[in-house]
Structures are given as C-alpha cells and as structure tokens.
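See structure below.
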Amino acid sequence: MSKGLFAIVGAATLALSAPAAAQCVGTCGTLGPDGVVTASPDGGTYGYVTTYGGVTMSGLGLGSETDGSTSTTANFTANAGDVLKFYFNYVTTDGAGYADYAWVSLGGDANLTLFTARTTPSGSTVPGFGMPPIAPGVTLNPYPVNIIGGAPTWSPVGSGCFSNGCGYTDWIEMTYTINTAGTYNLTFGVVNWSDTAFDSGLAYDGAIIGDTPIPNPGVPEPAAWALLIAGFGLVGAALRRRSAVTA
C-alpha cells in the first residue's frame, strides 16, 4: 500500500477516533422519534442512556443504587462567557414508588451538576429530591417539572409499568454560561434504585457550546465516515490493481 493511501486511511481513522474520549458504560444509543419520546426541538435523532441492560454502578453515590448507564462526550474546549445548551427528556416505568434517578454533569475542568430528575409518586421530578443541588447559573425551561403520566412504553426502557408508573418529562432545555475557559465534557447518567426491575432512561439532544455542536457520544460526524469510506475505496482499488499485475 502506498504512503498516500496509508495517509488517507490514517486520517480517516483519526477522524473517527477524534471523539475517542467519548465513552458509554452500560446501555447507550441513538434513536429517532420513538414512542413517548418525540423529536427534540433540535430535530433529527437523539442520544439516550437507559438502565435497561445497564451494569452495576453507584451513580452519584447516594446509596442503594443498583445498575445503570452513563454516556460521556469527548472533551471540548470553551471560553469564558460561552453558553452551553442541550435538551433532555427523562422517561420512567417505575414512577409510582421507587426513586430511580438521572443526572447530567459538567466534567473536565469543572465538577458541576447541570440537571437531576428522580421518580416520585407526587410532586416535582425535576430537580430530583435528595440529590446534589443544580449548579448556580443553570437555567432549566420549563422548571420545576412533574412527570406526565400514562405514557406508552419507550423501547429503550423495555416493557411494563410498576403500578401505572410510566411517565416522562417531555423535552426540557438546559442553558449554562461557562465561567472559566477550559476543557470540559458532559456525562449523561441514569440508575435504578433499590432494585433492578422497571427501568428509566434519559434522552438528550442538541448539545452546543457557543456556536459549536457537541456530537452525541459514539456517533462519528458525517465527514469522518466519508473520509473513511473514501480511504478504504482507494485501498481496495490499489489491491485490485496489484492482484491484476501479479496475475
């Protein structure tokens, strides 16, 4: 293979691995509008994490957590004054009595909680009760939020409802102004509480810092796919030419 072809494939590999810091622990994915979760205000597909098929984890370490999932973006840089924004939608099948919860945190050069939600038989689901306080300066719209009951089952959380506990928050917008220039990431998480039955999930979409979109974790950008396909196409052509010469 020529150096030029190696360079193309190498560039494609780097493009795909550029968000290599992005990480899923447990069950994560992307979907279009499905069941109770409509398209976000940003439109198109959205990312999600779910306790359904999750792994043993301590979540935020509040006690009694059993299993769940987290999805962390690649690192991104931000300047002081940049506005961070994303949308989220918390979905539960266990809202009648077990305090499963979800959260979003800003990591890297910060350690801030941007959002919490928790199942509860009554009252506000956002913010979640008994959880770390949301960081000063965070704006949630709408806020506070109660679960909208009677929702159909959302495929990422499996089937069944505990005591008619299916519900969702619908899409909520989070905005936060970065105070200090630095390198950051976002973690979206959801855990079961006390048991592993009847699951919860968190859909998220439209993450942006300043004017720059933050890709959903694990989803390569279209340019990266195009570069990789082009690279493999050229490699295939070169191998065919080499086979013809050998013959």
Side-chain angles (χ1 to χ4, degrees), residues 12-55 57 59 67-76 84-93 100-108 114-117 126 148 151-159 166-175 184-192 199-209 211-229 232:
T13 304
L14 283 175
L16 282 178
S17 62
Q23 182 181 24
C24 171
V25 177
T27 305
C28 315
T30 57
L31 279 176
D34 174 56
V36 65
V37 177
T38 60
S40 79
D42 195 57
T45 59
Y46 53 80
Y48 70 84
V49 288
T50 174
T51 60
Y52 187 59
V55 298
M57 66 168 51
D67 67 336
S69 302
T70 59
S71 183
T72 302
T73 69
N75 289 340
F76 57 88
L84 172 66
K85 183 176 78 170
F86 58 82
Y87 300 98
F88 58 85
N89 189 345
Y90 178 59
V91 184
T92 181
T93 66
D100 304 340
Y101 67 79
W103 77 97
V104 182
S105 59
L106 181 66
L114 302 179
F115 151 79
T116 61
V126 178
I148 301 169
T153 298
W154 184 43
S155 59
V157 296
S159 61
C166 281
Y168 63 108
T169 61
D170 208 354
W171 290 101
I172 300 169
E173 181 186 66
M174 192 286 328
T175 57
Y184 302 93
N185 57 56
L186 290 171
T187 295
F188 303 86
V190 62
V191 296
N192 276 322
D199 293 284
S200 298
L202 181 68
Y204 54 88
D205 195 24
I208 190 168
I209 181 69
D211 296 322
T212 304
I214 302 170
N216 284 341
V219 182
E221 298 181 55
W225 282 118
L227 185 58
L228 184 67
I229 292 169
F232 282 127

| message | Which residues pass the side-chain contact (heavy atoms from CB on, under 4.5 Å) test with S159, not counting sequence neighbours? | response | none

| task | Determine the minimum heavy-atom distance between V37 and A203, stating which atoms define it. | result | CG1-CB, 4.1 Å

| Which residues satisfy the ring-ring contact (aromatic ring centres under 6.0 Å, His included) test with Y52, sequence neighbours excluded? | none

| message | Could you tell me if the side chain of Y87 sits less than 4.5 Å from the side chain of D42, heavy atoms only? | response | yes

| request: Quick one: list whatever passes ring-ring contact (aromatic ring centres under 6.0 Å, His included) with Y90, sequence neighbours left out. | output: none

| With a 3.5 Å cut-off and no angle check, do the side chains of S71 and Y204 form a donor-acceptor pair? | yes

| query | Are any non-hydrogen side-chain atoms of I214 and Y184 less than 4.5 angstrom apart? | reply | no

| Heavy-atom distance under 4.5 Å between the side chains of D100 and T51, does that happen here? | no

| task | Provide the closest heavy-atom pair for S155 versus L31 in the form atom of the first, atom of the second, distance. | result | OG-CD1, 4.0 Å

| note | Heavy-atom closest pair (A74 atom, N185 atom, distance to 0.1 Å) is O-CB, 4.0 Å

| side-chain contact (heavy atoms from CB on, under 4.5 Å) partners for T70, two or more places apart | V25, M57, W103, T187

| Can you name the residues that form a side-chain hydrogen bond (donor to acceptor under 3.5 Å, both in side chains) with S105, not counting sequence neighbours? | none

| request: Compare every heavy atom of G201 with every heavy atom of V157, then report the nearest pair and how far apart it is. | output: CG1-N, 3.5 Å

| message | For the backbone of Y46 and the side chain of T30, can you confirm whether one donor and one acceptor N or O come within less than 3.5 Å of each other? | response | no

| said: As a quick check of understanding, evaluate side chain to side chain contact (heavy atoms under 4.5 Å, CB included) for Y101 and V191, giving each step before the final call. | reply: CA-CA 6 Å; Y101 67 79; V191 296; 3.4 Å; yes

| Close side-chain approach of D205 and W171, heavy atoms under 4.5 Å | yes

| task | I would like to know whether N89 and L202 meet side chain to side chain contact (heavy atoms under 4.5 Å, CB included); could you show each step before the answer? | result | CA-CA 6 Å; N89 189 345; L202 181 68; over 6 Å; no

| request: Answer yes or no: is there a side-chain heavy-atom contact under 4.5 Å between W154 and C166? | output: no

| note | In terms of heavy-atom contacts, I208 and P213 come closest through CG1-N, 3.9 Å

| field | Any side-chain heavy-atom pair of T45 and P33 under 4.5 Å | value | no

| query | Which heavy atom of P156 sits nearest a heavy atom of D34, and at what distance? | reply | CD-OD2, 3.9 Å

| Roughly how far apart are T93 OG1 and D199 CG, rounded to 0.5 Å? | 5.5 Å

| field | CG-OG1 distance between L84 and T212, expressed to the nearest 0.5 angstrom | value | 11.5 Å

| query | Does some side-chain heavy atom of K85 sit less than 4.5 Å from a side-chain heavy atom of M174? | reply | no

| query | Are side-chain heavy atoms of V104 and F86 found at a separation under 4.5 Å? | reply | yes

| said: According to ring-ring contact (aromatic ring centres under 6.0 Å, His included), who are the partners of F88, at least two apart in sequence or on a separate chain? | reply: F115

| task | Report yes or no: does T92 contribute a side-chain atom to a donor-acceptor pair with the main-chain N or O of S200 at less than 3.5 Å? | result | no

